[in-house]
Amino acid sequence: MSTPFGQSTVLGYPRIGGDRELKRAVEAYWAGRIDAAALEETAAGLRAEVWRTLRDARLDAIPSNTFSYYDHVLDTAVAVGAVPPRFARLGLSELDTYFAMARGVDAEPALELTKWFGTNYHYLVPEIDAGTTFAANPGKALGEVAQAGALGIATRPVLVGPATFLLLAKGTDGTDPFVRLDDLVEAYGQILALLAAAGVAWVQLDEPAYVADRTPPEIDGLRRAYTRLGQLRDRPRLFVATYFGDLGDALPALLRTPVEAIGLDLVAGPRNLERLAASGPLGGKTIVAGLVDGHNVWRTDLRTAAVRGATVSALADHVAVSTSCSLLHVPVDLSVETRLDPALHERLAFARQKVDEVVLLGRAVRDGTAHLPPAPAPIPAAWRDASVRARLAALTPADRQRGSAAVRARVQQERLRLPDLPTTTIGSFPQTPELRRARAAVRAGGLDAAGYADRMREEIRHVIRLQEDLGLDVLVHGEPERNDMVQYFGEQLSGFAATERGWVQSYGSRCVRPPIIHGDVARRAPMTVEWSTYAQSLTRKPVKGMLTGPVTILAWSFVRTDQPPADTADQVALALRDECADLEAAGIGVIQVDEPALRETLPLREADRKAYLDWAVGAFRLATGGVADGTQIHTHLCYSEFGDVITAIDALDADVTSIEAARSRLEILDDLAAAGHGRGVGPGVWDIHSPRVPSRDEIVAALRRAVAAVPAQRLWVNPDCGLKTRGYPEVEAALRHLVAAAAELRGA
Ligand SMILES: CN1c2c(nc(N)[nH]c2=O)NC[C@@H]1CNc1ccc(C(=O)N[C@@H](CCC(=O)N[C@@H](CCC(=O)N[C@@H](CCC(=O)O)C(=O)O)C(=O)O)C(=O)O)cc1
Ligand SMILES: N[C@@H](CCS)C(=O)O
Ligand SMILES: [Zn+2]
């Protein structure tokens with residue numbers, strides 16, 4: 001008899017370890033401090049710990065192959081043989097080839113890194129061309145199945161599904177990767193046969209790309225792929241998981257295939273339920289109901305979720321309960337947090353706690369809801385702030401409107417007297433180990449606040465001296481005091497809580513600790529003024545104040561769900577508006593408000609985009625709309641392709657927009673020019689994500705292309721993004737070239 005799916009599962013679990021053990025081991029391997037065997041030993045220990053945790057929690061369908069040394073999309077590329085020849089020919093070990101694809105080596109740049117749907121996780125973009133030969137290479141998945149098996153734990157290996165894999169890939173020779181679907185499906189067929197031979201009963205293939213708008217041929221490709229895989233004789237049972245939204249027309253297509261289970265996100269995709277109800281007979285398929293939010297940290301209202309589960313039960317013969325998506329996106333364990341307000345603590349669930357919720361809901365679907373705890377209590381009154389609410393209620397459109405851009409430009413130029421092609425940087429200078437150690441020393445009690453401030457001022461002096469020496473026109477203080485550009489603000493605003501160990505993987509070994517927005521947001525005191533004014537006191541050149549914008553603060557935090565995000569964004573915007581006013585009053589004439597996440601949280605479906613962009617742009621304008629004409633507002637955008645939000649970028653009404661462009665060869669400039677963006681533009685001319693130092697000639701060539709689209713009076717010269725992950729030697733050399741290139745063009 002074939003194995004049933006089980007009642008409860010999670011689509012994935014954090015792999016970094018409760019104390020970021022994986023980060024430390026991987027970075028030690030890269031630095032040559034440990035060998036491959038020691039790295040694998042740590043990895044095996046972390047995997048075993050996850051499986052045992054899930055088993056001991058009585059989860060009855062346990063995933064494997066959710067571990068990754070760097071990224072699960074890259075793991076899938078390796079599993080299907082899609083290693084680009086430029087890496088295969090390096091002649092490295094399998095592990096080092098893998099890391100070369102992830103991080104690049106001297107001779108070869110890494111695969112492109114980009115956002116995983118609307119999350120703050122980044123995946124590596126597979127490179128496909130007409131010559132890519134797919135071949136089954138499921139060693140990693142088989143190894144994990146065997147390791148878990150040796151612990152007595154049967155697991156369900158997880159891979160990115162073939163259609164999503166190709167939709168996320170990049171055609172390097174002009175080939176549309178999706179035309180290779182049939183070839184790729186053959187390789188998946190071979191993988192399935194090998195897994196079946198190893199005794200695997202179920203496989204999970206993730207197809208999240210289908211919660212975005214897809215063309216009829218793409219949906220038909222999904223149907224074709226799973227019809228083909230379903231027809232194979234030697235295969236495990238197939239569970240196709242979808243998440244981050246509604247499956248729309250892809251749901252009936254998938255229901256027509258022979259797959260045995262389909263996963264639906266019932267948190268981010270509530271319309272999945274209506275669609276399921278309208279689908280007719282489900283042909284004995286198991287519906288895996290994603291009832292526990294895998295993308296936020298709030299405790300589930302289990303009774304409400306159980307009602308939704310019961311609705312699914314009425315439609316399907318077999319129902320299992322799961323998280324809405326992988327738990328990769330939430331911190332590992334709430335129980336290690338000792339300093340959270342108890343009223344907040346009791347409303348939260350991290351990955352480990354969400355597993356318990358799934359198990360309880362799985363039981364509820366079978367046995368009823370008597371064992372379920374009551375719904376969380378309403379939000380404490382102390383988390384509300386009447387003055388913030390009154391301020392929001394009194395806002396008028398004028399609060400989001402500055403004077404004419406042309407007048408602003410004239411007044412600012414009279415004040416700042418900048419040359420054509422002004423040079424600047426994006427804000428951060430290298431976050432050296434010494435700076436991090438200073439913060440660690442404060443936490444450990446070995447350094448007091450005054451000593452810490454001295455250390456930060458010393459760094460600011462260094463950064464200002466360096467920029468004066470290099471001859472930059474608009475200087476920055478370098479952000480040495482910021483552990484992270486969102487966490488730093490979260491730690492100072494009321495309505496936010498910071499965790500001690502709430503780490504979440506952002507990319508590779510890099511992690512972030514997103515703050516939690518639980519109540520009304522208000523600024524207790526100025527947050528950046530002391531550092532910016534200290535920097536300004538050291539130089540006659542303008543120093544740019546540096547804030548993170550409301551949209552990015554929301555995107556990189558865990559956000560309350562009891563009110564629309566638009567309201568929370570406006571509350572954050574009001575706090576930033578006050579900060580802008582204080583910076584301005586303290587004599588800071590240029591203020592940058594970073595919005596790198598503006599594009600990443602754009603809804604996956606076109607129909608939802610306008611509403612998002614309206615509130616996102618409105619919040620930015622509220623944050624920046626209170627300053628005088630003579631204060632120059634900059635914004636900075638990075639980490640995304642911005643082609644489809646050009647109108648929104650224009651609507652931000654910033655005086656200067658610096659934007660990541662080095663890798664896209666400045667194509668964005670034509671878009672900005674076409675949208676009538678008549679203000680300053682700073683296309684990044686140095687790709688700071690690569691350790692390569694661009695030559696002066698390269699920057700000159702980039703600037704010559706840029707001046708063809710944007711007049712020199714409005715063209716700024718700057719890197720792509722902040723310099724926090726770079727080292728001083730590269731920073732000095734590259735900035736020297738950048739300043740020299742601007743000088744050359746001014747003289748031309
Ligand atoms: C720009 N990006 C950001 C995103 N999201 C954010 N919230 N912030 C961002 O900047 N998303 C998109 C991109 C992603 N890019 C990055 C880039 C770099 C990192 C990164 O380097 N993360 C660090 C952790 C940063 C941090 O919180 N630092 C703290 C604590 C440092 C620490 O680990 N300290 C040690 C002790 C100190 C020592 O002895 O060295 C410890 O606690 O054990 C700080 O500076 O105080 C990382 O290490 O992963 C993330 C996303
Ligand atoms: N001001 C920030 C922006 C990063 S997107 C920095 O320079 O690091
Ligand atoms: Zn940036």
Side-chain angles (χ1 to χ4, degrees), residues 117-120 244-246 267-271 293 295-298 378-379 383-402 486 489-490 493-497 514-523 547-580 593-626 633 635 637 640 642 644-645 647-654:
F117 302 92
T119 73
N120 198 6
F244 299 140
D246 292 298
V267 177
R271 278 170 293 194
D293 194 348
H295 195 191
N296 209 335
V297 290
W298 303 104
I379 288 211
W383 292 1
R384 294 191 198 282
D385 183 331
S387 63
V388 172
R389 290 181 168 259
R391 225 178 136 190
L392 272 186
L395 290 175
T396 70
D399 294 313
R400 304 181 199 259
Q401 184 65 51
R402 296 187 73 197
V486 166
F489 290 95
L493 290 164
S494 58
F496 281 72
I516 300 166
I517 310 181
H518 57 82
D520 289 338
V521 176
R523 195 183 66 139
L547 306 176
T548 304
V551 182
T552 301
I553 288 187
L554 253 64
W556 295 350
S557 300
F558 292 116
V559 182
R560 60 193 285 191
T561 50
D562 62 315
Q563 67 178 22
D567 294 352
T568 309
D570 274 354
Q571 293 185 357
V572 174
L574 281 179
L576 294 169
R577 186 180 175 97
D578 294 347
E579 188 73 11
C580 284
V593 180
D594 292 322
E595 285 293 19
L598 178 74
R599 169 66 183 79
E600 96 191 26
T601 28
L602 187 69
L604 297 171
R605 294 213 181 255
E606 178 67 42
D608 304 324
R609 291 185 173 180
K610 183 178 177 313
Y612 160 76
L613 287 172
D614 283 353
W615 69 252
V617 168
F620 181 90
R621 291 174 67 129
L622 180 59
T624 54
I633 295 290
T635 191
L637 307 162
S640 298
F642 290 96
D644 42 5
V645 291
T647 314
I649 295 174
D650 194 43
L652 295 177
D653 196 26

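- A distance-only check finds a donor-acceptor pair linking the side chain of Asp293 to the backbone of His295 [under 3.5 Å].
- Atoms CG and OG1, on Asn296 and Thr561 in that order, are 6.5 Å from each other to the nearest 0.5 Å.
- Here CG of Leu652 is found 8.0 Å from OG1 of Thr624. Values are rounded to the nearest 0.5 Å.
- Judged by distance alone, with hydrogens and angles left aside, the side-chain atoms of Trp298 form a donor-acceptor pair with the main-chain N or O of Val559 at under 3.5 Å.
- Ile516 is not listed as a side-chain neighbour of Ser557, based on a closest heavy-atom distance of 4.5 Å or more.
- For the atom pair Ile649 CD1 and Leu598 CG, the distance stands at 6.5 Å (nearest 0.5 Å).
- With hydrogens and angles ignored, the 3.5 Å screen pairs no side-chain donor or acceptor of Asp608 with any backbone N or O of Pro603.
- With no hydrogens or angles considered, a side-chain donor-acceptor pair links Thr552 and Glu595 at under 3.5 Å.
- The heavy-atom pair separating His518 from Arg560 by the smallest distance is O-NE, 4.1 Å.
- Contact of the Phe496 side chain with the Val572 side chain is registered, since non-hydrogen atoms from C-beta on lie closer than 4.5 Å.
- Counting only distance, with no hydrogens or angles, the side chain of Arg577 and the backbone of Ala623 share no donor-acceptor pair below 3.5 Å.
- Using a 4.5 Å heavy-atom threshold, the side chains of Leu554 and Pro565 count as touching.
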CA sep, side-chain torsions, deciding dist, call: Arg389, Asp520, salt bridge (charged side-chain N to carboxylate O under 4.0 Å, His left out):
CA-CA 8 Å; Arg389 290 181 168 259; Asp520 289 338; 2.7 Å; yes
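- Put simply, the side chain of Asp385 never gets that close to the backbone of Val521: no donor and acceptor are under 3.5 Å apart.
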Quick one, Val593 with Phe620, criterion side chain to side chain contact (heavy atoms under 4.5 Å, CB included). Give me CA distance, side-chain angles, the key distance, then yes/no. CA-CA 8 Å; Val593 180; Phe620 181 90; 3.7 Å; yes
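- Counting heavy atoms from C-beta outward, Val486 and Pro514 have side chains that stay 4.5 Å or more apart.
- Here the closest non-hydrogen pair linking Phe489 and Leu547 is CZ-CA, 3.9 Å.
- Enclosure of atom CZ in Arg605 by more than 12 non-hydrogen atoms of other residues, nucleotides or ligands within 6.0 angstrom is indicated.
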Problem set entry | side chain to side chain contact (heavy atoms under 4.5 Å, CB included) between Ile633 and Arg402, worked out | CA-CA 11 Å; Ile633 295 290; Arg402 296 187 73 197; 3.5 Å; yes
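- With rounding to the nearest 0.5 Å, the separation of CG in Leu637 from CD in Glu600 is 11.5 Å.
- Distance check: Ser494 OG to Ile517 CD1 gives 11.5 Å after rounding to the nearest 0.5 Å.
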Item to complete: Take Leu574 and Leu395, measure what side chain to side chain contact (heavy atoms under 4.5 Å, CB included) needs, and give me the verdict at the end.
Response: CA-CA 10 Å; Leu574 281 179; Leu395 290 175; 4.2 Å; yes
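- Taking 4.5 Å as the limit, every side-chain heavy atom of Glu606 sits out of range of all side-chain heavy atoms of Asp644.
- Across all non-hydrogen atoms, the minimal contact from Asp399 to Ala394 is OD2-O, 4.4 Å.
- Across Asp578 and Arg391, no two heavy atoms sit closer than the pair OD1-NH2, 2.8 Å.
- Nearest heavy atoms, Ala573 versus Ala619: CB-O, 3.3 Å.
- Shown here for Ala648 and Leu613, the closest heavy-atom pair between the two residues is CB-CD2, 3.8 Å.
- To the nearest 0.5 angstrom, Asp570 atom CG is 4.0 Å from Arg400 atom CZ.
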Exercise. Go through Val551 and Tyr612 one step at a time and tell me if the side chain to side chain contact (heavy atoms under 4.5 Å, CB included) criterion holds.
Key: CA-CA 10 Å; Val551 182; Tyr612 160 76; 3.4 Å; yes
